[in-house]
Amino acid sequence: MLAICFNFLYLGQQGYGNLYYATTVKSMLMNWHNFFFVSFDPGGFVSVDKPPLGFWLQAASARLFGLSGWSLAFPQASAGSLSVIILAQLVRHYFGSVAGLLAGLTLALTPISVVTSRNNTIDSMLVLILLLTAWAVWHACETGHLRWLLLGAFLLGLGFNIKMLQAYLVIPALTILYLLGSSLSMRRRLGQLALAAVVLLVISLSWSLAVDMTPAAQRPYVGSSTDNSEVSLALGYNGIFRLLGITGMTQEQPAASRQQQQMSMLSGSAAAGVGEPGPFRLLQEPPGGQISWLLPLAIFGLFAEACRHRLWRFPLQPRQQGLVLWSVWLLTMLIFFSLAGYFYAYYLVMLAPALSALVGIGIVALWRQFRRPGWLGWGLLLAILVTTVEQCALLAHFPAWSQVLVPVILCFELLVAIILAVTRLSTLSILPQIPGFVVSVGLLLLLLTPALWSAISVWLGADPEFPVAGPAWNSTPTQVKSVISSQGMFPDTNPKLLQYVQHARGKTRVLLVTLNALSASPIILATSQPVLALGGFTGRDPVFSVAQISDLLHKGTVRFFLLPTSTLVASMMGGSVGNNDELMQWVRRQCALVSPQLWQAEASESTFEQLFDCAQMPAGRVHFMEGGNSSNVSWKRWTV
């Protein structure tokens, strides 16, 4: 119930959420061509930079309930709630009801899990798929039946079609689980894993290969790729580039252009709050407050449970298998997110299932060790103290909040630690009756801050583009609502601009051409009209050549271009130009500059954007790129 409350209460209060994804869903609803290829724009020129499954579910929700912020977030809220239930059941089945309840409670209160479930980013659906995959593979270990392993491979393939290689981060945990946990012979295990790998690849690449095998002129350009290939997008931009911190730059670009793209990348990372790569990244702000409030407790608990069941003895029993699954899952995510150079904060939800499971398992294990003689009984006290120190260190970045929370947490947890220490050392009969209640209070206090960070995000909202939980840095509690609310619930547009181009466009199919999706999204959502993004998401994709744009101009497909005044301005506005600088310069030479008085709210020349009208483009002034041939360009997909 707590998860459902946190995930659904005030759902949709932030409007469409991520406008790039919301615009994609709106375009998908216009025709089946856009739906299959997950086209960002209604005209089917550029696709979104993610695979289709998550957006297919969002489109189905929008078709059923109508396009709104609520309908776009509904699949994620449902997935987040189901994930809590499934995780609690997985842990309960092998580690007991108390461990399962604590694991589910931890996941339900994990800040980044809550905000991701309330946004139209698709990571919550991926987490649900991965938990179902873990259940299937774990069941295969118990039964030895190949069909369960193949089901796990099938589900993981679906996960690939939600967020590509991000889904594969759990493969080490699943593979080690099956190799060490199955009772079959090693030869059969390896053979079955090889067969599962084939199923995984077939399901994973089915849609990507279908797109790549479709002639380029009959489908959208693959957004954020450098070679118009979904497979390349999966391996590059959505794969190894994330680890290396590369955003799609090529050595052929001028040094200045690469530098501007690096500035854009750093700006996006700062907005997402991931900090600098390093072994202690997740124990520090900004990412620590999203996921790491209980990380020390989970590690202490893992150690306690491993010692209790002698994890290193084979063959592995179900409890040992669970420890292998969750510990390798957690370790893999810790390594990746500590070293990765480019990702957004909401990706950290991948840590949440394993971390929550180990918190639930670990608390029960630490309590049982505490009640027994031996040095391991001190683990509970140390876990509480270290976790308290970590939480106080994270709260130090929020002075207004730490003034209240740190004294409360520190004083009560120190009192809990003293009582536990006295109990371990005392032989008085009354003291052993106290720790059960004391430990419960201590654990509830450790859950206080993550619960508060989640509640703030439910009550006040979070960044719709890059969801991050908790209050803004250095803000007071009363300032949080104004900080978050200032982001606005719906996209901002220039009504005078829209009125002007709609009135003057004539029979032109495309309402407006912008540099990137960031500029095009609000206009598409506001008008439901075709708007073309020259360079895809950020503006650097080589979607069009000069010859192709010239061909569109002469066919009456496009007319108005809204472009930044310079490459530097494009970077400042959150995008980049990549190899499209030549195309922008060509438009400036060929087309007439529209007076700002006609389309701006204030009668003054803009220092950021310029509007060009290419209706009267003399044929003699057309300059094709060397080797360009517009006659080979087919725009049959234009049906809007």
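Since the model is a prediction, treat every value here as computed from it, not as a measurement.
Between Leu169 atom CG and Leu130 atom CG the span is 8.5 Å, to the nearest 0.5 Å. In this structure, the separation between CG on Leu283 and OG on Ser338 is 8.0 Å, given to the nearest 0.5 Å. If you take CH2 on Trp135 and CG on Leu325, they are separated by 14.0 Å, rounding to the nearest 0.5 Å. Here CD1 of Ile409 is found 3.5 Å from OG1 of Thr449. Values are rounded to the nearest 0.5 Å. Once rounded to the nearest 0.5 Å, the distance linking CG of Leu151 with NE2 of His145 reads 14.0 Å. Here the CD1-CG distance, from Ile361 to Leu366, works out to 11.5 Å after rounding to the nearest 0.5 Å.
Evaluation of the side-chain contact (heavy atoms from CB on, under 4.5 Å) rule for Ile86 yields Leu90, Leu128, Leu131, Leu132 as partners, not counting sequence neighbours. Under the rule for a side chain to side chain donor-acceptor pair (under 3.5 Å), the partners of Trp138 that lie at least two apart in sequence or sit in another chain are Gln321. Partners of Arg424 by side chain to side chain donor-acceptor pair (under 3.5 Å), not counting sequence neighbours: none found.
Relative orientation of the Tyr346 and Tyr344 rings is parallel, given thresholds of 30° and 60° on the angle between their planes.
No more than 12 heavy-atom neighbours from other residues, nucleotides or ligands sit within 6.0 angstrom of CZ on Phe303. Residue Phe154 places its CZ atom among 12 or fewer non-hydrogen atoms of other residues, nucleotides or ligands, all under 6.0 Å distant. No more than 12 heavy atoms of other residues, nucleotides or ligands lie within 6.0 Å of CZ in Phe412, so this atom counts as exposed by the packing criterion.
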#### Entry: side-chain contact (heavy atoms from CB on, under 4.5 Å) between Leu126 and Met350, worked out
CA-CA 8 Å; Leu126 175 60; Met350 293 284 289; 3.7 Å; yes
### Task
Evaluate the criterion side-chain contact (heavy atoms from CB on, under 4.5 Å) for residue pair Leu155 and Leu158; output intermediate values, then yes/no.
CA-CA 5 Å; Leu155 291 170; Leu158 296 182; 4.3 Å; yes
### Task
Check the pair Tyr237 / Arg242 against side-chain contact (heavy atoms from CB on, under 4.5 Å), numbers first and verdict last.
CA-CA 7 Å; Tyr237 178 77; Arg242 299 286 178 173; 3.4 Å; yes
### Task
Show your working on side-chain contact (heavy atoms from CB on, under 4.5 Å) between Leu351 and Leu330 and close with a plain yes or no.
CA-CA 6 Å; Leu351 278 160; Leu330 180 65; 3.7 Å; yes
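Residue pairs meeting the ring-ring contact (aromatic ring centres under 6.0 Å, His included) criterion with at least one member in residues 275-298, sequence neighbours excluded, are Trp293-Trp453. Pairs passing the salt bridge (Lys or Arg N to Asp or Glu O under 4.0 Å) check and including a residue from residues 117-141, sequence neighbours excluded, read Asp123-Lys163. Residue pairs meeting the salt bridge (Lys or Arg N to Asp or Glu O under 4.0 Å) criterion with at least one member in residues 380-407, sequence neighbours excluded, do not occur.
A donor-acceptor pair under 3.5 Å is absent between the side-chain atoms of Asn119 and the main chain of Val468, judged by distance alone. Of the possible polar contacts, none joining the Trp148 side chain to the Cys141 backbone as a donor-acceptor pair under 3.5 Å is found. Of the possible polar contacts, none joining the Ser182 side chain to the Tyr178 backbone as a donor-acceptor pair under 3.5 Å is found. In this structure, Ser61 contributes its side chain and Leu57 its backbone to no donor-acceptor pair below 3.5 Å. A donor-acceptor pair is defined here as one N or O able to donate and one able to accept, closer than 3.5 Å; such a pair exists between the side chain of Ser206 and the backbone of Ile203. Between the Ser402 side chain and the Pro399 main chain, a donor and an acceptor come within less than 3.5 Å of each other. Of the possible donor and acceptor atoms, none in the side chain of Arg281 sits under 3.5 Å from a partner among the backbone N and O of Leu339. Put simply, the side chain of Gln391 never gets that close to the backbone of Thr388: no donor and acceptor are under 3.5 Å apart. In terms of modelled atom types and a separation under 3.5 Å, the side chain of Gln369 and the main chain of Leu380 share no donor-acceptor contact. Using modelled atom types, one side-chain atom of Arg319 and one backbone atom of Tyr94 make a donor-acceptor pair closer than 3.5 Å.
Using a 4.5 Å cut-off on side-chain heavy atoms (C-beta onward), Ile171 and Leu200 make contact. Side-chain contact check for Leu446 versus Glu413: some heavy-atom pair is nearer than 4.5 Å. Between Phe437 and Ile419 there is no side-chain heavy-atom pair separated by less than 4.5 Å. A heavy-atom distance below 4.5 Å is not found between the side chains of Gln166 and Asn238. You'll find the side chain of Leu302 reaches within 4.5 Å of the side chain of Leu323, heavy atoms only. At least one side-chain heavy atom of Ile162 sits less than 4.5 Å from a side-chain heavy atom of Ile129. Between Ile384 and Leu420, the closest side-chain pair of non-hydrogen atoms falls below 4.5 Å. A heavy-atom distance below 4.5 Å is not found between the side chains of Cys411 and Leu415.
Nearest heavy atom pair, residue Ser356 against residue Thr110, reads OG-OG1, 3.8 Å. When all heavy atoms of Ser124 and Ala79 are compared, the pair lying nearest together is O-CB, 3.7 Å. Considering all non-hydrogen atoms of both residues, Ala3 and Ser81 come closest at O-OG, 3.9 Å. Taking all atoms of both residues into account, the shortest heavy-atom contact from Ala103 to Val91 is CB-CG2, 3.9 Å. Between Ala77 and Leu11, the closest heavy-atom pair is CB-CD2, 4.0 Å. The shortest heavy-atom contact between Leu297 and Ala383 is CD1-CB, 3.8 Å.
Ring-centre distance between Phe343 and Phe337: below the 6.0 Å cut-off.
Between the side chains of Arg92 and Gln89, at least one donor N or O sits under 3.5 Å from an acceptor N or O.
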